[in-house]
Amino acid sequence: MWPGRSGWSPWRGSPSPRRRGGTVWQARRKRKMLDPKQIRERPQWVEERLASRGGRYDLKEFHALEALKRKAQAETEALQARRNEISREVGRLKANRGDASGLLAEMGELGPRLKEAEGALRLQEEALLEVLTRLPNLPAGDVPVGPDESANVVMHSWPAGFSGVPPEGFLPLNHWDVGERLGVLDFNLAAETVGARFTFFRGAGARLIRALTSFMLDLHTTEHGYEEILPPFLANRESLFGTGQLPKFEEDLFCLRDDPYYLIPTAEVPLTNLVRGRIVEEAELPLKWTAWTACFRREAGAAGKDTRGLIRQHQFDKVELVWITRPEESMAALESLTLHAEEVLKRLELPFRRVALCTGDLGFSAAKTYDLEVWLPGQGRYREISSCSNTLDFQARRMKARLRRAGTKAVEPVHTLNGSGVAVGRALVALLENFQQPDGSLVIPDVLRPYLGGLSRLLPASG
RNA sequence: GGAGAGAUGACCGAGUGGUUGAAGGUGCACGCCUGGAAAGCGUGUGUACUCUAACCGGUACCAAGGGUUCGAAUCCCUUUCUCUCCGCCA
């Protein structure tokens, strides 16, 4: 998928990571989230779209700050223009042995004023950006409006006519009971070694994780046209800002103590940032990347939720899908990407449904999101196993990822999309709950058997 | 971790204080030429903010930040990254 002909590579010449907070802030000064012009020119429309997410987004502050900033900019630039003019004239006079003392005197008076103006402008810019970068993306026009997940809309289910009713007289167990009966999960050991929300996978459990991962990556690379990437599991502030985790959601991330790096919460971060700061030729799009990574999340706001089992862990494996597209094709790309994630579940024979998230349930960076929810018979309900989003140009603006139209000089932000294809830990959960047998064994779905040496069934651990 | 060398536009690569946003080349676009193409010739080709109805302008940006100076890509300091050698190491 690399445009090899042009020698384009995201690993060459990428911007330097920023270490200190101040430097990051500097770098951020030029970054946008929503298009500020749009906010200025269509304030009411923007405000309404934001309001549909729920919560309060007061744009009055933005407009006030923006006006102040532009005033400061005009003043500063007028002084700078005069400074440049004087410097040029001084140079000319000196070359001709003329007298520049009058100009130098003016400069002596202008210098401090300029310095002051520049400082004021800088403060205005920082204040403006502080507000701007914390505004979420605008929901797309076809996103159902609603306050929370209760207003999400089920698009379709698979397989058709699936009822979720288990066979007569069979009570499916929770996956943690199945996992412990099979001897493939050990939560206690993890609690001793690290703490809550970690797991040891053992024996066939560990191998199943690996099999699921390989199966997904193979599917996406050989049939869906993605290039496989194995990225670093750490990212710097700049990258996390680009995808929208920072500055607003710092408390959700694990941070290293002695280095300015964070553990990635999703491969979306390193993958999408492959185009950060780049201008991509139109002909190179779309770019489609897939990656397996571990993902790390503090789950700071989830105390007491899903405390048992694998559903909500601080570390989990995920296969991610990322597209970089031209603006006009991103909505079609979202459909393709979501179908690719659905294909994983179909081949694993896991019942699922697709849900369109409503405005109130959208993530910070997303303009439109489909969740795939897999059926968990042990819980008797559907649970999220994949989330596929189109961020439109939101992330692209933050990370200055642009495309140049063929045959023109014009550049514009690309569109970025991401989706799980799918969450590996939760896929194992679904496997354990859906393929458990009344006799305590676990049947292995056909597509995974080649990855497990032909193994077709796991038997309960003896003793 | 130690020593050294570097970081300039889509790419390569000049440039050590004064109309340099930046020579030259490549690439790209348009035109000429051609039956068509190649070659050749000519012209044009950064990003962002701001101003304007538009044209025309203004400002910033030569890794990042700070300093010296009337004036900095160019001098000084700090940081980051890259490369080479040494050390250490999966």
Side-chain angles (χ1 to χ4, degrees), chain A residues 3-32 35-41 65-115 117-122 124-126 128-129 132 232 236-239 258-261 275-285 393 396-414:
Chain A
R5 244 181 329 149
S6 64
W8 183 89
S9 163
W11 286 297
R12 270 197 295 140
S14 53
S16 306
R18 274 65 186 199
R19 289 196 126 239
R20 307 290 165 224
T23 316
V24 170
W25 183 247
Q26 267 310 305
R28 251 194 254 156
R29 283 174 58 197
K30 294 168 193 158
R31 306 296 148 81
K32 304 297 178 306
D35 184 351
K37 271 185 200 156
Q38 197 176 44
I39 301 180
R40 194 194 318 158
E41 287 163 13
L65 286 171
E66 220 245 348
L68 283 173
K69 176 245 162 189
R70 282 198 288 163
K71 184 159 170 272
Q73 180 175 352
E75 288 171 6
T76 304
E77 291 185 355
L79 291 173
Q80 286 171 329
R82 181 58 187 152
R83 177 201 59 194
N84 293 344
E85 205 178 336
I86 292 175
S87 303
R88 267 195 296 269
E89 191 57 29
V90 168
R92 213 172 289 145
L93 285 172
K94 287 208 166 171
N96 299 321
R97 304 188 173 199
D99 175 21
S101 57
L103 289 174
L104 294 186
E106 182 182 350
M107 192 67 104
E109 182 250 349
L110 185 144
R113 278 171 62 205
L114 176 56
K115 203 155 221 176
E118 284 175 336
L121 173 58
R122 183 173 185 153
Q124 289 298 338
E125 285 179 332
E126 288 177 1
L128 181 63
L129 214 65
L132 191 58
N236 58 28
R237 294 189 61 91
E238 184 85 329
S239 293
D258 295 328
D259 295 283
Y261 304 139
V275 289
R276 185 175 84 208
R278 304 207 66 90
I279 298 177
V280 185
E281 296 301 326
E282 183 178 11
E284 294 168 357
L285 299 173
D393 61 0
R397 280 182 193 286
R398 293 171 80 98
M399 63 177 72
K400 284 186 82 176
R402 291 158 297 176
L403 76 113
R404 187 187 311 281
R405 291 291 183 178
T408 73
K409 296 178 280 183
V411 295
E412 58 189 298
V414 297

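Here is how names work: the chains are called A, B, and so on, in the same order as the sequence lines, proteins then strands, and each is numbered from 1.
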Answer yes or no: does a side-chain N or O of [X] lie under 4.0 Å from OP1 or OP2 of [N]?
X: A:Arg122; N: B:G66; result: yes
X: A:Arg40; N: B:U50; result: yes
X: A:Arg278; N: B:A10; result: no
X: A:Asn84; N: B:G71; result: no
X: A:Arg70; N: B:C51; result: yes

| said: Using heavy-atom distances to pick each residue's nearest nucleotide on RNA chain B, tell me which of A:Arg404 and A:Gly91 is more 5'. | reply: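 Upstream on the strand: A:Gly91.
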| A:Met107 or A:Glu412, whichever maps to the more 5' nucleotide of RNA chain B |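 Of the two residues, A:Glu412 wins.
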[atom1]-based separation of [M] from [N] [nearest Å]:
N: B:C49; M: B:A38; atom1: C1'; answer: 44 Å
N: B:U80; M: B:G65; atom1: C1'; answer: 10 Å
N: B:G31; M: B:U84; atom1: C1'; answer: 48 Å
N: B:G44; M: B:A10; atom1: C1'; answer: 16 Å
N: B:A90; M: B:G4; atom1: P; answer: 28 Å
N: B:G42; M: B:C33; atom1: P; answer: 16 Å
N: B:C61; M: B:G21; atom1: P; answer: 11 Å
N: B:U45; M: B:A23; atom1: P; answer: 11 Å

Find the distance [X]:[atom1] to [N]:[atom2] and express it as a whole number of Å.
X: A:Arg82; N: B:G71; atom1: CZ; atom2: C1'; value: 14 Å
X: A:Leu114; N: B:A60; atom1: CG; atom2: C1'; value: 12 Å
X: A:Glu77; N: B:G58; atom1: CD; atom2: P; value: 11 Å
X: A:Glu282; N: B:A10; atom1: CD; atom2: P; value: 18 Å
X: A:Lys115; N: B:G71; atom1: NZ; atom2: P; value: 9 Å
X: A:Leu79; N: B:A60; atom1: CG; atom2: C1'; value: 15 Å
X: A:Arg92; N: B:G17; atom1: CZ; atom2: P; value: 20 Å
X: A:Arg88; N: B:G17; atom1: CZ; atom2: P; value: 20 Å

| said: So which atom in A:Leu121 and which in A:Lys69 form the shortest heavy-atom distance, rounded to 0.1 Å? | reply: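 Between these two residues, the closest heavy atoms are CD1-O, 3.7 Å.
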| field | Non-hydrogen atoms of A:Ala72 and A:Thr76 that approach each other most closely | value |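 Smallest heavy-atom distance, with atoms named: O-OG1, 2.7 Å.
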| said: Need one value for A:Lys71: base, sugar-phosphate or nothing, where a base atom within 4.0 Å counts as base even if backbone is also close, heavy atoms only. | reply: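 Touches nothing.
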| request: Using a heavy-atom cut-off of under 4.0 Å over every strand shown, decide if A:Gln80 touches base, sugar-phosphate, or nothing. | output: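 Sugar-phosphate contact only - A:Gln80 comes under 4.0 Å of backbone atoms but never of a base.
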| Without hydrogens or angle criteria, can the side chains of A:Asn236 and A:Ser239 be said to hold a donor-acceptor pair below 3.5 Å? |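 Yes, side-chain donor-acceptor contact under 3.5 Å.
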| message | Quick check: do A:Leu79 and A:Glu75 have side-chain heavy atoms less than 4.5 Å from each other? | response |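 Sidechains of A:Glu75 and A:Leu79: no contact.
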| task | Answer yes when A:Glu85 and A:Arg88 have at least one side-chain N-carboxylate O distance shorter than 4.0 Å, and no when they do not. | result |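 Salt bridge between A:Glu85 and A:Arg88, a charged N being under 4.0 Å from a carboxylate O: no.
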| query | Any Lys/Arg nitrogen of A:Glu118 or A:Lys115 sitting under 4.0 Å from an Asp/Glu carboxylate oxygen of the other? | reply |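 Salt bridge between A:Glu118 and A:Lys115, a charged N being under 4.0 Å from a carboxylate O: no.
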| field | Nucleotide pairing, RNA chain B (Watson-Crick or G-U, distances under 3.5 Å), in dot-bracket with [ ] and | | value | ((((((((.[[[..)..(.....]]]((((((.......))))))(((((......))))).[[[[[..)....]]]]])))))))....
If you measure from [atom1] on [X] to [atom2] on [Y], what distance do you get to the nearest 0.5 Å?
X: A:Arg92; Y: A:Glu89; atom1: CZ; atom2: CD; value: 5.0 Å
X: A:Glu284; Y: A:Arg404; atom1: CD; atom2: CZ; value: 11.0 Å
X: A:Leu403; Y: A:Asp393; atom1: CG; atom2: CG; value: 11.0 Å

